[in-house]
Number of protein chains: 2
Amino acid sequence: MLRAMTASDSTSTTIRLRLLLGQDGTKLGPGKADLLQGIGELGSISAAGRRMGMSYRRAWALVEEMNAGFAAPLVASSRGGAAGGGARLTPEGAAVLARYRALEAEVANAGAEHIAAIAAMLRS
Amino acid sequence: MLRAMTASDSTSTTIRLRLLLGQDGTKLGPGKADLLQGIGELGSISAAGRRMGMSYRRAWALVEEMNAGFAAPLVASSRGGAAGGGARLTPEGAAVLARYRALEAEVANAGAEHIAAIAAMLRS
DNA sequence: AAGCGATATGTTCGAGCAGACATATCGCGC
DNA sequence: GCGCGATATGTCTGCTCGAACATATCGCTT
């Protein structure tokens with residue numbers, strides 16, 4: 001997948017969460033979460049994609065997928081204008097991102113013991 | 001992937017865990033965990049693979065990957081003999097599986113609130 | 001010694017996916 | 001109105017992964 005390493009990779013063992021939501025099968029994992037965060041910070045789908053080393057094509061497809069899966073769109077976009085356009089998180093998008101981050105933190109905390117036990121059995 | 005549904009799919013929203021272990025990048029997710037469990041229950045790589053709708057080729061490759069990633073092999077196999085051969089979990093394999101299942105349970109419990117909050121925002 | 005069933009492993013073929021390339025369109029500023 | 005920069009979307013192609021097929025080998029049992 002060629003994901004850029006983030007500065008938060010302090011421990012060598014990481015846990016990744018992927019949610020399979022509803023019976024329609026919309027997925028929410030680290031990629032979409034990072035993308036949401038990037039859009040929130042940069043105000044642009046293309047800028048967020050660039051920062052992750054992802055093509056605009058793919059970033060846009062992920063946004064489309066998220067907007068289709070939830071009752072309200074998570075990202076609102078506009079074309080044209082001074083900056084050419086832009087995108088920002090809707091309140092629902094910000095809420096989903098916050099919940100996902102909180103979930104990550106809670107999970108890392110609750111599972112730390114088991115994770116450490118498994119990591120201790122690794123090859124040298 | 002064509003995964004068989006398990007009877008434990010009571011809620012429509014499920015969470016999947018994938019561990020990225022060490023800097024060598026050995027992965028441990030639901031597929032390998034289910035395979036370990038199948039081998040433990042059925043005493044055979046091929047039988048475990050069959051039950052999951054997975055080719056023996058692939059099941060064997062996953063076992064190989066796990067055995068290579070951990071300090072001690074998780075699965076011990078034998079060729080020939082009365083039943084043609086077989087495989088069983090080593091104590092380390094059983095320990096890793098138990099830890100992973102415990103991690104799943106703990107995570108599902110700890111994250112239930114955030115997961116429910118996200119699921120509540122889904123389309124219809 | 002012959003057969004059985006499972007492990008072990010090479011090879012080949014197809015589908016699906018990700019990336020690259022190409023446009024169309026929009027709305028503000030100059 | 002012309003250009004800019006970003007959204008929006010179609011198309012194509014290469015690559016990777018998995019499925020399928022094919023064998024070899026092993027050790028007990030009959």
Side-chain angles (χ1 to χ4, degrees), chain A residues 1-4 16 18 20 25-32 34-69 73-90 93, chain B residues 1-4 16 18 20 25-32 34-69 73-90 93:
Chain A
M1 166 94 60
L2 202 145
R3 168 185 313 285
R16 293 177 57 170
R18 170 161 276 103
L20 303 185
T26 42
K27 290 169 282 190
L28 181 60
K32 296 229 187 85
D34 288 350
L35 184 61
L36 278 183
Q37 184 166 342
I39 291 172
E41 291 176 13
L42 303 173
S44 157
I45 296 177
S46 70
R50 260 196 310 274
R51 191 170 72 172
M52 299 175 62
M54 177 189 300
S55 71
Y56 171 80
R57 190 75 170 78
R58 172 153 180 72
W60 175 83
L62 294 179
V63 168
E64 190 74 355
E65 201 177 322
M66 286 188 282
N67 283 349
L74 304 189
V75 173
S77 59
S78 62
R79 295 204 290 191
R88 44 179 229 287
L89 297 187
T90 62
Chain B
M1 165 95 63
L2 200 144
R3 168 186 313 285
R16 293 177 56 169
R18 168 161 278 104
L20 302 185
T26 43
K27 289 168 282 189
L28 181 61
K32 296 229 186 82
D34 288 350
L35 184 60
L36 279 183
Q37 185 166 342
I39 291 171
E41 292 176 11
L42 302 173
S44 158
I45 297 176
S46 69
R50 259 196 310 275
R51 191 170 73 171
M52 299 174 62
M54 177 188 300
S55 70
Y56 171 79
R57 191 76 171 76
R58 173 153 178 73
W60 175 84
L62 293 180
V63 168
E64 190 75 355
E65 201 178 322
M66 286 188 281
N67 282 350
L74 305 189
V75 173
S77 59
S78 62
R79 295 205 291 190
R88 42 178 231 288
L89 297 188
T90 62

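All values below were derived from every heavy atom in this structure, side-chain atoms included, with hydrogens, water molecules and symmetry-related copies excluded. Within every chain, numbering begins at 1; the chains are lettered A, B, ... in the order of the sequence lines, protein sequences first and strands thereafter.
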Can you tell me the distance, in whole Å, between the [atom1] atom of [X] and the [atom2] atom of [N]?
X	N	atom1	atom2	answer
B:Leu42	C:dT7	CG	C1'	16 Å
B:Glu65	C:dT9	CD	C1'	16 Å
A:Met52	C:dG19	CE	C1'	15 Å
B:Leu62	C:dA8	CG	P	14 Å
B:Arg88	C:dA6	CZ	P	17 Å
B:Leu35	C:dT7	CG	P	11 Å
B:Tyr56	C:dT9	OH	C1'	9 Å

Would you indicate, yes or no, if [N] has its OP1 or OP2 atom less than 4.0 angstrom from a side-chain nitrogen or oxygen of [X]?
X	N	answer
A:Ser78	D:dT7	no
A:Ser77	D:dA6	no
B:Ser46	C:dT7	yes
A:Trp60	D:dA8	yes

Between A:Arg79 and A:Ala82, who's closer to the 5' end of DNA chain D by nearest nucleotide?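 First, find each residue's nearest nucleotide; the 5'-ward one identifies A:Ala82.
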Taking all non-hydrogen atoms of both residues into account, name the closest pair between [X] and [Y] and its distance.
X	Y	result
B:Lys32	B:Glu65	NZ-OE2, 3.4 Å
B:Ala59	B:Ile45	CB-CG2, 3.9 Å
B:Ala48	B:Gly38	CB-C, 3.6 Å

Tell me what [X] touches on the nucleic acid: a base, only sugar-phosphate, or nothing, going by heavy atoms under 4.0 Å.
X	value
B:Gly81	base
A:Ser44	sugar-phosphate
B:Gly80	base

Do [X] and [Y] have side chains that approach each other closer than 4.5 Å (heavy atoms only, starting at C-beta)?
X	Y	value
A:Arg16	B:Leu20	yes
A:Thr90	A:Val75	no
A:Met52	A:Asp34	yes
A:Met66	A:Leu36	yes

Closer to the 5' end of DNA chain C via nearest nucleotide, is it B:Arg50 or B:Glu64? B:Arg50
Angle between the two end axes of the helix from C:dA1-D:dT30 to C:dC30-D:dG1, five base pairs per end, rounded to 10 degrees?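 Taking the rotation axis at each end, their angle is 0°.
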No-H, no-angle donor-acceptor pair, B:Arg57 side chain to C:dG10 base, under 3.5 Å: yes
Taking only the side-chain heavy atoms of A:Arg58 (C-beta and beyond), determine which of C:dG19, C:dT7, D:dA8 contains the nearest atom.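 Taking heavy atoms from C-beta onward, the closest nucleotide is C:dG19.
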Sub-3.5 Å donor-acceptor pair from the side chain of B:Ser44 to the main-chain atoms of B:Gly86, do we have one?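 Between the backbone of B:Gly86 and the side chain of B:Ser44 there is no qualifying donor-acceptor contact (under 3.5 Å).
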